[in-house]
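When a residue number appears, it is its place in the shown sequence, counting from 1.
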Amino acid sequence: MKEEIDLAYSAGIIDGDGSFSLLLHRSTTKKTWRSFYEPCIQLSNAFKGMSEYLYEKFGGSLRIKKPQKEHHKVLYVWSLRSREGCKKMIEKIFPYLKLKKDQAILMLDFLNIDHFDQHEGEKFNLKMKNLNRDILFNPLGFNQQSINDSNDPIFWSYFAGIMDTEGSFTMKKEKPHSGSISFRYNPVIQLTMVPVACLNYIRENYSSGSFCVPKANCTGKGYAYKMNLCGKLNCINFIKNILPYLKHKNAQALLILKFFEDFNPVKHRRAGVPQEILEFREDVYLQMRSLNA
């Protein structure tokens with residue numbers, strides 16, 4: 001079961017931030033020149049541990065991509081390019097993929113052909129590019145949401161892989177309003193994706209959270225799909241379910257648990273929230289900012 005859980009987590013990572021592609025490779029020697037396509041499964045992520053996890057599990061290579069702009073983060077890139085390595089990985093994670101199954105199938109078809117000319121390789125490359133484009137522009141909406149939460153560790157491990165790549169655990173600090181004089185601190189758990197397939201899989205197995213389709217000018221179609229989770233009970237139950245499977249954002253999840261476990265609601269205090277409680281909330285807020293930075 002542990003192996004299945006790890007593979008479901010790996011599939012969540014690939015569905016979240018991973019990619020399948022076919023790269024044109026040129027080889028030159030003194031006497032010959034030839035070009036051919038080679039498979040590439042890749043993950044580019046700001047969390048170093050994500051790339052290292054895939055490297056330890058499937059091999060391949062690791063490199064650091066320096067930021068192109070001052071406000072960008074350093075990215076850690078894992079890639080797998082050997083034909084045998086790509087084939088073995090796909091065969092292992094394929095049962096758990098939800099978003100990029102078609103790309104995995106196409107790459108297997110490519111790998112099962114021993115020899116073909118460059119024209120045939122270009123056809124595969126074009127098909128792969130079309131598949132990668134189509135998942136971004138698929139017009140599907142949300143499916144009906146389940147009324148029960150799944151107890152399947154495979155589902156929660158996959159969900160953890162998605163959260164470790166595309167999800168976020170944050171604290172919002174809001175200015176006083178509605179007559180209060182103290183800042184408000186609210187934990188928020190979010191998952192934002194351009195394709196909807198992963199969120200629909202989550203909705204089929206998870207009953208909480210609010211889902212919406214906000215505008216997103218940074219995407220090709222101008223919007224994305226989002227899951228928001230807030231409120232004490234919802235956040236605590238979610239974290240307790242997913243925490244055993246998170247590998248790289250478990251510190252943020254634990255911090256939200258700590259916030260709620262030590263949270264002391266204050267009502268009807270015209271003088272504001274006591275200083276020691278404000279200091280605790282501010283400390284948690286600053287710790288969360290530091291972790292996410």
Close side-chain approach of Met163 and Leu191, heavy atoms under 4.5 Å: yes
So how far is it from Asp283 CG to Leu255 CG, rounded to the nearest 0.5 Å? 8.5 Å
Partner set under side-chain hydrogen bond (donor to acceptor under 3.5 Å, both in side chains) for Asn292, not counting sequence neighbours: Gln252
Start with the C-alpha distance between Leu54 and Ser10, add both sets of side-chain angles, then the distance that settles side-chain contact (heavy atoms from CB on, under 4.5 Å), and finish with yes or no. CA-CA 7 Å; Leu54 291 178; Ser10 301; 4.3 Å; yes
Can you list everything that forms a side-chain hydrogen bond (donor to acceptor under 3.5 Å, both in side chains) with Asn148? Sequence neighbours excluded, please. none
Can you list everything that forms a side chain to side chain contact (heavy atoms under 4.5 Å, CB included) with Leu23? Sequence neighbours excluded, please. Ser21, Glu38, Cys40, Arg81
With a 6.0 Å cut-off (strictly less than), is the heavy-atom count around OH of Tyr55, excluding the residue itself, greater than 12? no
Taken to the nearest 0.5 Å, the spacing of Lys249 NZ from Ser168 OG works out to 6.5 Å
Determine, using the 4.5 Å side-chain heavy-atom cutoff (strictly less than), whether Met50 and Leu75 are members of one ILVMFWY cluster. no
For Ile64, which fellow cluster members are found when Ile, Leu, Val, Met, Phe, Trp and Tyr are connected by side-chain heavy-atom distances below 4.5 angstrom, either directly or through intermediates? Val74, Tyr76
Are Tyr201 and Phe155 close enough that their ring centers fall under 6.0 Å? yes
Atom NZ of residue position Lys92 - does it have more than 12 heavy atoms of other residues, nucleotides or ligands inside 6.0 Å? no
Can you name the residues that form a side-chain hydrogen bond (donor to acceptor under 3.5 Å, both in side chains) with Glu4, not counting sequence neighbours? none
Heavy-atom side-chain contact between Lys100 and Asn132 under 4.5 Å: no
Would you say Asn112 has more than 12 foreign heavy atoms packed within less than 6.0 Å of its CG? yes
Set out, in order, the CA-CA distance, both residues' side-chain angles and the distance that settles side-chain hydrogen bond (donor to acceptor under 3.5 Å, both in side chains) for Asn200 and Lys98, then state yes or no. CA-CA 10 Å; Asn200 274 333; Lys98 304 299 174 185; over 6 Å; no
Take Arg289 and Thr170 through the side-chain contact (heavy atoms from CB on, under 4.5 Å) test and state the conclusion after the steps. CA-CA 8 Å; Arg289 288 195 61 178; Thr170 59; over 6 Å; no
Checking one residue: Val188. Which other hydrophobic residues are in its cluster under the side-chain 4.5 Å linking rule? none
Find out if a path of hydrophobic residues (ILVMFWY) with successive side-chain heavy-atom gaps under 4.5 Å connects Leu286 to Val284. yes
Using the test ring pair (Phe, Tyr, Trp, His ring centres under 6.0 Å), find all partners of Tyr53 that sit at least two apart in sequence or belong to another chain. Tyr9
Quick one: list whatever passes ring pair (Phe, Tyr, Trp, His ring centres under 6.0 Å) with Trp156, sequence neighbours left out. Phe159, Tyr206
Are Leu126 and Met128 joined in one hydrophobic group, where the rule is that I, L, V, M, F, W and Y side chains link up if heavy atoms are under 4.5 Å apart? no
Can you confirm whether Leu97 sits close enough to Tyr158 that some side-chain heavy atom of one is under 4.5 Å from a side-chain heavy atom of the other? no
Please list, chain by chain and in numerical order, all residues satisfying side-chain hydrogen bond (donor to acceptor under 3.5 Å, both in side chains) with Asp149, sequence neighbours excluded. Ser207
When you measure from the side chain of Ser150 to the backbone of Asn205, do you find a donor-acceptor pair of N or O atoms at a distance under 3.5 Å? no
Any non-hydrogen side-chain atom of Arg133 less than 4.5 Å from a side-chain atom of Asn130? yes
With a 4.5 Å heavy-atom cut-off, do Tyr225 and Val194 have their side chains touching? no
Minimum side-chain heavy-atom gap Asp109-Ile105 below 4.5 Å: yes
Show your working on ring-ring contact (aromatic ring centres under 6.0 Å, His included) between Phe124 and Phe110 and close with a plain yes or no. CA-CA 7 Å; Phe124 273 99; Phe110 172 85; 5.6 Å; yes
Nearest 0.5 angstrom please: Lys57 NZ to Ile93 CD1, how far? 11.0 Å
Sequence-distant partners of Lys172, salt bridge (Lys or Arg N to Asp or Glu O under 4.0 Å), two or more places apart: none
Sequence-distant partners of Phe211, ring pair (Phe, Tyr, Trp, His ring centres under 6.0 Å), two or more places apart: Phe142
Minimum heavy-atom separation for Leu99 and Gln103, please, with both atom names. O-OE1, 4.2 Å
List the residues meeting salt bridge (Lys or Arg N to Asp or Glu O under 4.0 Å) with Glu174, not counting sequence neighbours, and say none if there are none. none
Please check: side-chain N/O of Asn125 versus main-chain N/O of Gly121, any donor-acceptor pairing under 3.5 Å? no
Taking NZ in Lys127 as the centre, count heavy atoms belonging to other residues, nucleotides or ligands within less than 6.0 Å. Is the count above 12? no
